[in-house]
Number of protein chains: 2
Amino acid sequence: MIQPVPTSPGTGRKRPTIRDVAREAGVSYATVSRVLNGREWVSPEAFRAVRDAIARTGYRANPHARSLATGRSGSIAFLLTEPQHLLFEDPNFSVLLRGVAQALSGRELTLILMIASTPDERDRAVAYLSGGHVDGVLLVSPHSGDPLLAQLVRAEVPIVACGRVLGYEQVISSVAADDRGGARSAVEHLIAAGCRRIATIAGPQDTSGGVDRLHGYADALTAHGLPVEPDRIGHGDWTRGSGAETMRALLRRAPDLDAVFAASDAMAAAALPVLRAAGRAVPEDVRVVGFDDSGLAATLDPPLTTVRHPLDRISEEMVRLLTDVIAGRTPLAVTVPTSLVLRSSSPAPA
Amino acid sequence: MIQPVPTSPGTGRKRPTIRDVAREAGVSYATVSRVLNGREWVSPEAFRAVRDAIARTGYRANPHARSLATGRSGSIAFLLTEPQHLLFEDPNFSVLLRGVAQALSGRELTLILMIASTPDERDRAVAYLSGGHVDGVLLVSPHSGDPLLAQLVRAEVPIVACGRVLGYEQVISSVAADDRGGARSAVEHLIAAGCRRIATIAGPQDTSGGVDRLHGYADALTAHGLPVEPDRIGHGDWTRGSGAETMRALLRRAPDLDAVFAASDAMAAAALPVLRAAGRAVPEDVRVVGFDDSGLAATLDPPLTTVRHPLDRISEEMVRLLTDVIAGRTPLAVTVPTSLVLRSSSPAPA
DNA sequence: CTGAAAGCGCTTACAG
DNA sequence: CTGAAAGCGCTTACAG
């Protein structure tokens, strides 16, 4: 039979408190608290007595009482604001989550996940996060128009975002890849390989990743005296579906393209079969470069040349930065360098 | 500039408390509390005064103080214990999560997610969940050997599992599809279509879904006087990879098979190309039936006949049952019926 | 090194 | 209908 929660009114035996432990150990409960919090000024005997009493009574601290007294919760949230289908489609989230969990393993912080993919869920998440349930929030893939941003900022919740938050650069700390530099290096690689009519499948323009990778594309063309043709620029939303669709549109608008730089591996992956179906060989007729170096990239046919998105470094820095922000430091934007990974979809120029 | 958390020691202005609201409204703070909790015995004037004062001060209740006083947290956890890759591969989790969020939208409960896919994460999750941070836990796809189960049960955390928890049937409430009946109906459909050498790709035998669907398979064969051949039974772990591998093994061991019942759509999906590669036409040479009716099923080639897993009903019942368990009711096992969805991979018999 | 005491911000019987 | 008061279980200066 399931026992009701010990703290439920009037049911079951009561959960032991710090006073029970103190009585059991023969010390004051202040001493128990000192042991619990690893503070100094506890004699070895007292320490031992308390440890044993805790074991005997099965004591576990009440987190609410502790949080009320200290003013912190001991947990941070990993907040996903994408529509849920994308969330489970995009491996970047999974990798980032794994990295954050890893980075947290040394610290006294628990990670909780929240998904806000509908307006109702958003309001609930905001209420929860701004109410003090968590000490801070890791914001994943924020879009600049999201009303959640203003609410969270107004509630003064410590935040670190993955990618700069457009319009909030001064108030929300962020960790981002060098999206612009990475994109530029990708396109310069294509230029070095002899491509002159390079198209791009850009990401959403309300995210810094989408904007910066498009800027990097234009930077490279301009630097090499090549025109930036609107017909060679298509817009996707990171998903495979949008990648395929945009690739088809590009082939229609700019049939003479000799290379494609896609702002994500997922979109590049979807572009490959579209090119094949149009009779273009990759890389012979059209070179393709992606962005992310997700698990996907190496398994594609042909394996994808791509810009490595250093999500391991990013998640690590996000956690470090969030603890700083929680401690009251002013916001900061951290940028992590990228690197180009050459594979068959666009090998090194001969 | 980011303001530090208002509750941080010695920084920023203090967050308003119930006393500030009371002063502002010209009532006692007990009255404010009554308004906050929607209790009776508040005059309309007092009510209005408090409402206005709350708006003016921007008051939000401190959840820790409230939880300390009431003994409940107002949140429940959705706990995933699968290795993370599976989690993002299996659409069932996503659908279940969506359903639970939906079911919760009418209640005063916030949903938080926890992922425990490594031993370290498991220990942290157990500490968090059994410490009183949440009022209850929704356990998704528990495996009977998981040490987390014993820890959670010992800590007397209210739990509702998706699928019966083998070995814990008496202490952990659960909501499951009629896996056995659903599997049986799938195999009876194959028998009715004239198949006599039906193979199965079973799920993991430490989950009730895996066990029951295999039982249902055997039930149908036995009921129709057909032998249950070990060579026609392969074991997967729900993943596509395992589905492909198991299908190959079955073709080796039982090359004369004329139908395959896979315990999940994902495994069925992976079996299809293996059959094709072996020169078996679906459904002409080999009929294939899956289980779940996930989004995948209709998009396969050929579209998959499958047993509908009623995850919407299941998530709804899980939430309802968990509130019961939290309220102290004894455990219960709820079973939701399934139905067979016919598509081209095994159409209705002529 | 240790204990008594105040305080964290609420809820909830208990008197009125 | 409303207020004064106890209590939820901790932490943390403050005396000793």
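Numbers restart at 1 for each chain; the letters A, B, ... are given by sequence-line order, proteins then strands. These numbers were taken from a predicted model, which means no experiment stands behind them.
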Checking side-chain polar atoms at under 3.5 Å, does B:R124 have a donor or acceptor matched by the opposite partner on A:S105? no
Is there, by distance only and without an angle test, a donor paired with an acceptor across the side chain of B:R15 and the base of C:dG9 below 3.5 Å? no
Check every atom of C:dT11, D:dT11, D:dC10 against the side chain of A:A65 and return the nucleotide holding the closest atom. D:dC10
Below 4.0 angstrom from OP1 or OP2 of D:dG3, is there any side-chain N or O of B:T31? yes
Within the supplied structure, the quantity of interest is the number of heavy atoms (other residues, nucleotides, ligands) at a distance under 6.0 Å from A:R51 CZ; does it exceed 12? no
Can you identify which nucleotide, out of C:dT11, D:dG9, C:dC10, has its nearest atom closest to the A:N62 side chain? D:dG9
Polar side chain donor-acceptor pair, B:D135 to B:S73, under 3.5 angstrom: yes
How far, in whole Å, is C:dG16 from C:dT12 if one measures between their P atoms? 22 Å
May I ask you to check whether over 12 heavy atoms, not counting those of A:R320, lie within 6.0 Å of atom CZ? yes
Quick check on A:Q102: does its CD atom have over 12 non-hydrogen neighbours (other residues, nucleotides or ligands) under 6.0 Å away? no
Using a heavy-atom cut-off of under 4.0 Å over every strand shown, decide if A:Y59 touches base, sugar-phosphate, or nothing. sugar-phosphate
Distance, rounded to the nearest Å, where B:Y29 contributes OH and D:dA5 contributes P: 9 Å
With sequence neighbours left out, which residue pairs that include part of residues 159-175 of chain A fulfil the salt bridge (charged side-chain N to carboxylate O under 4.0 Å, His left out) condition? A:R164-A:E169, A:R164-A:D212
Watson-Crick and G-U pairing of DNA chain C written in dot-bracket, each distance under 3.5 angstrom, with | for inter-strand partners: |||.||||||||.|||
